[in-house]
Amino acid sequence: MPLLATATGNAFAHIAYLAWCPDTGEAAAIDPYSIDLVLEMARANRLTVTRIINTHEHWDHAGRNAQLRDATGAEILAPKAAAGVIETVDRMLVDGDEIVIGTGCRLRVIEMPGHTMTHIGLLGENEDGDEPFLLCGDTLFGAGVGNVGYGGHGPTLFATVERLRRMLDPRTRLYPGHDYLARNLAFTLRHEPGNRAARALLDTAGPTPRFTTMAEEEDINLFFRLDRPAVRAAFGETEREARFLVIRRARDLW
Ligand SMILES: [Fe+2]
């Protein structure tokens, strides 16, 4: 399934996504916020937005659903667990559900709570069918993970990240809701200054989002590198989960 992604340049560093079917031109907008930009991206590529899909209930992901629905007539799909918080949902999503866009473009729903307790991800394959991808909302970011201060739960996020590391093909490319890569790489380098992969990626970071894979995250993401000597030295010789939570707090305060 082809995926269009573009940095919005807005204050939240959102990334706008359209997952679309090349046969029919139908498209799903994932967590649309910069509505004008989403509509322009659809228009420029001759696509019709027929679905809005939310990964979680936060207002900067789901708060402009109605505006895009009014402009397009698209139906709204959102996590079942967020029912009542996200308004006028046409289809509620649970783990394992499949969303078909056009003729056979498929996204699979994965529940991945932690950033909020309703959070889902959308698993698909690139256009050539040789690389999986995960639209991961605010659960995973380039070189980081989501915060837990707005309806989340740290131990649950830890469990989700550990499960995703076990479950996902290392080639899986991550498409997060915000472009925090450069800032997160700087955080990695603050605590692991000898991390060459993080340094190399930071040196090439620019305004166009760079999407990492799960394999790359193993090299640059402190939340994936809990057992590395530098990370243990910086954050304590505790259990993995405790170290994860200490890193999360350090990132909040940084
Ligand atoms: Fe969020």
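It should be emphasised that the depicted structure is a prediction, and the values quoted were computed from it without experimental measurement. Indexing begins at 1, ligand by ligand and atom by atom, following the structure's order.
Looking at Pro32 and Ile52, their side chains come closer than 4.5 Å, going by heavy atoms from C-beta outward.
Trp59 and Phe12 have their aromatic ring centers within a separation under 6.0 angstrom.
With no hydrogens or angles considered, a side-chain donor-acceptor pair links Arg251 and Asn184 at under 3.5 Å.
For Arg64, the side chain to side chain contact (heavy atoms under 4.5 Å, CB included) partners two or more places apart in sequence, or in a different chain, are Tyr33, Ile35, Gln67.
Screening residues 12-21 for side chain to side chain donor-acceptor pair (under 3.5 Å) gives Asn10-His14, His14-Asp60 as the qualifying pairs, with residues at least two apart or on separate chains. Within the structure, every pair that satisfies the side chain to side chain donor-acceptor pair (under 3.5 Å) test and touches residues 128-142, not counting sequence neighbours, is listed here: His56-Asp138, His61-Asp138, His115-Asp138, His119-Thr139, Asn126-Asp130, Glu131-Arg173, Asp138-His178.
Protein-derived N/O/S atoms nearer than 2.8 Å to the Fe ion (ligand 1) total 4, waters excluded.
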